[in-house]
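Notes to accompany the following structure.
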Amino acid sequence: MFGMIVSIISGVLMSLQGVFNTQVTKQTSIWVSASFVQATALIVCLAAWLITERDSSFSGLFQVRPWYMLLGGVMGAFITYTVIFGMEKLGPAKAVLFIIAAQLIAAYLVELFGWFGSKKAGFDWMKLVGVIIFIAGIVLFKWKELFKNV
């Protein structure tokens with residue numbers, strides 16, 4: 001239950017962050033905004049580390065295998081950029097619809113095939129039906145735009 005609550009908070013924060021970052025971008029630029037987001041995230045993470053995990057060190061990062069697992073920060077920079085860009089072009093609701101759809105499909109594939117060290121899950125028709133219903137919801141949400149010339 002706690003995992004669900006934290007995940008809901010994460011979703012709300014991601015949506016709000018995208019809106020905030022888009023507004024900052026309008027007054028600066030997309031890379032200035034993304035840089036500020038990443039820099040402030042670094043400061044918050046370092047402060048949290050100093051407060052909560054003083055016994056751990058950064059030396060463990062040099063032991064991480066495979067090395068490409070360390071690319072999360074690089075992905076984070078492009079996530080920030082693409083969220084800002086998507087929200088600016090589509091608006092928050094539409095952008096988040098596509099973002100969540102892509103997250104759901106990608107996460108299901110990672111889980112289904114056990115990619116990147118995740119626990120492999122068997123195929124489940126109900127999950128596939130859920131993805132199809134979610135995509136159908138996106139079509140309904142954008143129905144007028146998709147079929148305005150038909």
Side-chain angles (χ1 to χ4, degrees), residues 1-26 30-31 33-46 48-49 51-53 56 58 60-150:
M1 181 66 159
F2 186 65
M4 289 173 55
I5 293 168
V6 170
S7 295
I8 290 168
I9 292 168
S10 175
V12 170
L13 289 174
M14 281 191 239
S15 294
L16 293 176
Q17 182 195 37
V19 172
F20 288 11
N21 295 346
T22 301
Q23 294 305 314
V24 173
T25 297
K26 289 178 182 178
I30 198 162
W31 286 113
S33 178
S35 297
F36 180 78
V37 168
Q38 300 301 320
T40 54
L42 173 65
I43 292 166
V44 169
C45 289
L46 288 174
W49 170 67
I51 293 168
T52 63
E53 299 180 10
S56 63
F58 285 96
L61 291 173
F62 299 107
Q63 311 306 316
V64 173
R65 298 293 180 265
W67 64 269
Y68 59 81
M69 293 296 171
L70 294 171
L71 294 176
V74 174
M75 289 181 202
F78 287 102
I79 290 167
T80 303
Y81 176 88
T82 55
V83 168
I84 293 169
F85 188 86
M87 286 197 175
E88 184 178 332
K89 298 297 182 190
L90 300 175
K94 290 177 193 166
V96 169
L97 268 175
F98 287 108
I99 290 166
I100 293 172
Q103 285 179 326
L104 178 64
I105 293 166
Y108 183 56
L109 290 173
V110 167
E111 185 179 272
L112 184 64
F113 295 107
W115 291 336
F116 311 116
S118 68
K119 184 178 177 186
K120 188 174 182 176
F123 178 78
D124 183 347
W125 281 102
M126 292 304 286
K127 288 182 181 179
L128 180 61
V129 169
V131 170
I132 291 168
I133 290 171
F134 187 83
I135 292 170
I138 293 172
V139 171
L140 286 174
F141 193 83
K142 295 193 52 78
W143 186 266
K144 287 183 181 178
E145 288 180 46
L146 292 171
F147 299 105
K148 67 181 172 185
N149 294 328
V150 175

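Worth saying up front: this structure is predicted, and the values here are computed from it rather than measured.
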Q) With sequence neighbours excluded, what pairs up with Phe113 under the ring-ring contact (aromatic ring centres under 6.0 Å, His included) test? A) Trp115
Q: Scan for salt bridge (charged side-chain N to carboxylate O under 4.0 Å, His left out) pairs involving residues 71-81, sequence neighbours excluded, and state none if there are none.
A: none
Q) Can you pull the salt bridge (charged side-chain N to carboxylate O under 4.0 Å, His left out) pairs that have at least one residue in residues 131-140, sequence neighbours excluded? A) none
Q | Contacts of type salt bridge (Lys or Arg N to Asp or Glu O under 4.0 Å), residue Lys26, not counting sequence neighbours | A | none
Q. For Ile132, what residues pass the side chain to side chain contact (heavy atoms under 4.5 Å, CB included) criterion, not counting sequence neighbours?
A. Leu128
Q.
Using the ring-ring contact (aromatic ring centres under 6.0 Å, His included) criterion, which residues pair with Trp125? Sequence neighbours excluded.
A. Phe123
Q: Would you list the pairs meeting salt bridge (charged side-chain N to carboxylate O under 4.0 Å, His left out) in which at least one residue belongs to residues 60-83, sequence neighbours left out?
A: none
Q | Residues forming a side-chain hydrogen bond (donor to acceptor under 3.5 Å, both in side chains) with Trp31, sequence neighbours excluded | A | none
**Q.** Nearest-0.5 Å distance, CD1 of residue Ile133 to CD1 of residue Ile138
**A.** 13.0 Å
Q: Keeping to residues at least two apart or across chains, list the salt bridge (charged side-chain N to carboxylate O under 4.0 Å, His left out) pairs with something in residues 94-119.
A: Lys94-Glu145, Glu111-Lys127
Q.
Rounded to the nearest 0.5 Å, what separates atom CD1 in Ile5 from atom OG in Ser10?
A. 13.5 Å
Q: Might you confirm whether atom CZ of Phe20 has over 12 heavy atoms from other residues, nucleotides or ligands at distances under 6.0 Å?
A: no
**Q.** Residue pair Leu104, Phe134: steps toward the side chain to side chain contact (heavy atoms under 4.5 Å, CB included) verdict
**A.** CA-CA 9 Å; Leu104 178 64; Phe134 187 83; 4.2 Å; yes
Q | Any residue meeting side chain to side chain contact (heavy atoms under 4.5 Å, CB included) with Leu16, in chain and number order, not counting sequence neighbours | A | Val12
Q.
Looking at every heavy atom in both Thr40 and Val37, which two are closest together, and how far apart are they?
A. OG1-O, 3.1 Å
Without placing hydrogens or testing angles, list every side-chain donor-acceptor pair under 3.5 Å for residues 71-90, not counting sequence neighbours.
residue: Thr80; atom: OG1; partner: Gln38; partner atom: NE2; Å: 2.7
residue: Thr80; atom: OG1; partner: Gly76; partner atom: O; Å: 2.9
residue: Thr82; atom: OG1; partner: Phe78; partner atom: O; Å: 2.9
residue: Thr82; atom: OG1; partner: Ile79; partner atom: O; Å: 3.1

**Q.** side chain to side chain donor-acceptor pair (under 3.5 Å) contacts in which one or both residues fall within residues 12-23, not counting sequence neighbours
**A.** none
